[in-house]
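Take a look at the structure below.
Side chains included, hydrogens not; waters and symmetry mates left out as well; all remaining heavy atoms used.
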Amino acid sequence: MKLAFITPYPPSQVTLNEYGYHLTRSFIGKKEVDKIFILTNHLEDDREYSRYAEEGLDIIPCWDFDSWFTVLKLRKKLKELQPDAVILNLQFMTFGSGKIPAALGLLTPWMCKLLQIPSVVILHNITETVKLDTIGMADSKFKGNLFLWIGEQLTKFILKADLVGVTISQYVTILKEKYQAKNVVLLPHGNFELPERNYLPENLKEINLMAFGKFGTYKKAEVMIDAMEILEKKYPDLKFKSTVAGTDNPNVKGYIDSLKAKYSHLPNVEYTGYIPEEMVSKIFWDSTFVIFPYTTTTGSSGILHQAGSYGRACILPKIDDLERVVDEEGYGGAFFETDNAESLAEAVSSLIDDPEERKRIEDQNFKAAKGLPMGELAQWYLSHIQKLLPKKK
């Protein structure tokens with residue numbers, strides 16, 4: 001088979017780039033696959049993609065983030081390549097931070113249908129479970145209702161794909177009941193990689209609180225930094241650090257700079273900027289606790305799976321989707337009240353004061369991360385794609 005993947009890919013900074021990287025690489029060497037095309041977005045210098053080149057895998061930048069014409073450019077490239085099937089790695093802001101280009105890009109599964117190319121979508125979020133006001137999409141009830149309606153129409157276009165996989169069981173229920181979808185399945189998120197187990201010392205002397213991702217909308221670092229200041233007073237003999245690992249969310253440019261100004265009096269806050277793929281492991285290994293400073297969620301969390309891969313305990317807000325994923329996939333952590341620094345500090349304290357419980361959670365998360373490697377997930381895709389191939393004929 002010749003497979004085309006439509007996905008952001010490192011060093012692109014578009015959301016889901018890392019998931020796209022690990023997903024596509026898991027197909028390399030599969031006996032059913034002759035060629036892999038990665039149809040990704042243009043960079044300022046497309047030659048940067050050469051850092052991630054692999055034999056048997058062609059990285060083809062052919063669309064622009066925030067362009068109105070992405071679906072047309074993808075159509076042209078797919079007609080040229082004539083792949084046997086297309087796998088689309090999507091969430092609702094994959095193709096743009098602007099509402100119109102983001103929406104137009106999501107017509108791509110329908111376009112694949114018109115081209116009669118079998119397609120599989122992995123859909124990481126649905127509008128029904130996202131608080132649109134907290135992710136910068138709607139600042140009034142009217143806009144919220146309007147964008148929910150638009151999201152519903154886009155969902156119908158996404159469901160034109162031959163198969164749509166979602167990573168949370170609740171999403172399956174919503175799509176089947178609300179949209180009468182017959183082509184939706186619960187698709188495991190998969191785990192990026194499983195490095196050699198790296199243990200933290202039992203008695204901690206230095207504690208690094210680390211939050212990873214794009215910040216400024218539903219993910220804000222203030223609650224973590226404020227909690228660190230509380231913990232410093234409670235544990236004067238311990239050395240604390242907060243690591244804000246990532247960049248601004250495209251909808252809130254300047255957010256990281258505002259953090260630097262607000263907390264300029266704290267020398268023990270590190271702002272890493274964009275993390276290239278080859279540095280991700282160091283960020284997680286250097287962390288003591290992986291903090292989730294979320295006010296809402298936008299689907300299953302890749303960061304949760306990475307925390308498990310590196311054997312780290314998670315400090316999580318009490319949010320429905322996140323609690324559901326933790327429970328369904330066998331992860332563990334200490335929970336805090338959303339956007340409450342004192343509650344977050346108490347959650348961290350509970351694991352500082354109980355090293356055995358911390359180690360139990362670390363072991364639990366590492367075990368959960370071993371549950372479904374990407375290589376097995378790739379085999380799942382291939383078996384389903386092979387069932388779709390006769391449709392092309």
Side-chain angles (χ1 to χ4, degrees), residues 4-17 19-20 37-49 58-83 86-117 119-128 130 132-133 135-140 142-161 164 214 216-217 247-254 298-299:
F5 289 82
I6 296 175
T7 178
Y9 202 80
S12 166
Q13 296 185 32
V14 176
T15 303
L16 297 180
N17 62 338
Y19 191 89
F37 304 111
I38 297 173
L39 309 186
T40 190
N41 63 294
H42 287 290
L43 306 176
E44 287 187 15
D45 183 357
D46 286 338
R47 289 174 295 181
E48 291 185 42
Y49 281 119
D58 286 358
I59 303 173
I60 305 173
C62 61
W63 52 273
D64 295 289
F65 187 74
D66 260 339
S67 167
W68 288 34
F69 305 105
T70 291
V71 69
L72 298 178
K73 291 180 179 179
L74 284 168
R75 181 180 183 274
K76 180 180 178 182
K77 185 56 66 174
L78 288 172
K79 289 188 73 174
E80 174 190 326
L81 297 173
Q82 288 295 306
V86 180
I87 297 174
L88 301 97
N89 177 33
L90 300 182
Q91 53 105 332
F92 273 75
M93 306 299 286
T94 293
F95 296 107
S97 58
K99 298 173 182 64
I100 294 176
L104 292 174
L106 292 173
L107 301 179
T108 304
W110 175 56
M111 179 268 292
C112 292
K113 189 83 168 179
L114 296 178
L115 291 177
Q116 295 185 311
I117 302 174
S119 61
V120 179
V121 169
I122 175 165
L123 185 60
H124 292 265
N125 59 11
I126 59 176
T127 53
E128 283 80 4
V130 176
L132 295 173
D133 56 331
I135 64 169
M137 287 292 290
D139 54 11
S140 70
F142 171 76
K143 284 185 178 179
N145 290 334
L146 173 62
F147 292 138
L148 178 60
W149 180 83
I150 293 171
E152 290 171 347
Q153 309 317 305
L154 291 172
T155 299
K156 293 175 183 177
F157 280 104
I158 293 170
L159 289 169
K160 297 292 184 183
V164 176
K214 296 183 184 296
T217 52
T247 59
D248 292 335
N249 183 291
N251 289 320
V252 195
K253 292 179 180 177
T298 58

Given N89 and T94, is the side-chain hydrogen bond (donor to acceptor under 3.5 Å, both in side chains) satisfied, shown in steps? CA-CA 8 Å; N89 177 33; T94 293; over 6 Å; no
Once the angle between the rings of Y19 and H124 is folded into 0 to 90°, is it parallel (under 30°), tilted (30 to 60°) or perpendicular (over 60°)? perpendicular
Roughly how far apart are Y9 OH and L16 CG, rounded to 0.5 Å? 14.0 Å
Rounded at 0.5 Å granularity, tell me how far CG in L72 sits from OG in S67. 8.5 Å
Just so I know, are the side chains of V71 and R75 near enough to count as touching, which here means a heavy-atom distance under 4.5 Å? no
In terms of heavy-atom contacts, does NZ of K160 have more than 12 from other residues, nucleotides or ligands at under 6.0 Å? no
Working to the nearest 0.5 angstrom, can you tell me the gap between I6 CD1 and S119 OG? 8.5 Å
Closer than 3.5 angstrom, by distance alone: can the side chain of D248 be matched with the main-chain N or O of G254 as a donor-acceptor pair? yes
The side-chain hydrogen bond (donor to acceptor under 3.5 Å, both in side chains) partners of E48 (sequence neighbours excluded) come to none
Would a 4.5 Å heavy-atom cut-off, applied to side chains only, mark D64 and K73 as touching? yes
Ignoring hydrogens and angles, tell me if any N or O in the side chain of D46 forms a donor-acceptor pair with the backbone of P61 under 3.5 Å. no
Identified side chain to side chain donor-acceptor pair (under 3.5 Å) counterpart of S12 within the set N17, T40, N41, T7: N41
Closest non-hydrogen contact found for I117 with P83 is CG2-O, 3.9 Å
Should P109 and V164 count as side-chain neighbours, where that means a heavy-atom distance under 4.5 Å? no
Would you call F92 and L123 a side-chain contact if the rule is heavy atoms closer than 4.5 Å? yes
For A4 versus L78, what's the shortest heavy-atom pair and its separation? CB-CD2, 4.0 Å
Minimum heavy-atom separation for L43 and P11, please, with both atom names. CD1-CG, 3.7 Å
Apply side-chain contact (heavy atoms from CB on, under 4.5 Å) to I38 and Y49, showing your working. CA-CA 11 Å; I38 297 173; Y49 281 119; over 6 Å; no
For P101, is there any backbone N or O sitting under 3.5 Å from a side-chain donor or acceptor partner on D66? no
Quick check for you: to the nearest 0.5 Å, what is the distance between M93 atom CE and F65 atom CZ? 6.5 Å
Would you indicate whether the side-chain heavy atoms of I60 and L81 approach each other to under 4.5 Å? yes
Just verifying a value: how many Å separate K79 NZ and L74 CG, rounded to the nearest 0.5 Å? 14.0 Å
Between V14 and K214 the two heavy atoms that sit nearest each other are C-CE, 4.3 Å
Closest non-hydrogen atom pair between G151 and T127, with its separation: CA-CG2, 3.8 Å
Which value, rounded to the nearest 0.5 Å, describes the distance between I122 atom CD1 and F5 atom CZ? 11.0 Å
To check you understand the geometry: which heavy-atom pair defines the closest contact between L39 and W63, and what is its length? O-NE1, 3.1 Å
Side chains of K156 and L159, heavy atoms from C-beta outward: is any pair under 4.5 Å? no
Contact between T70 and L104 at the side-chain level, heavy atoms closer than 4.5 Å - yes or no? no
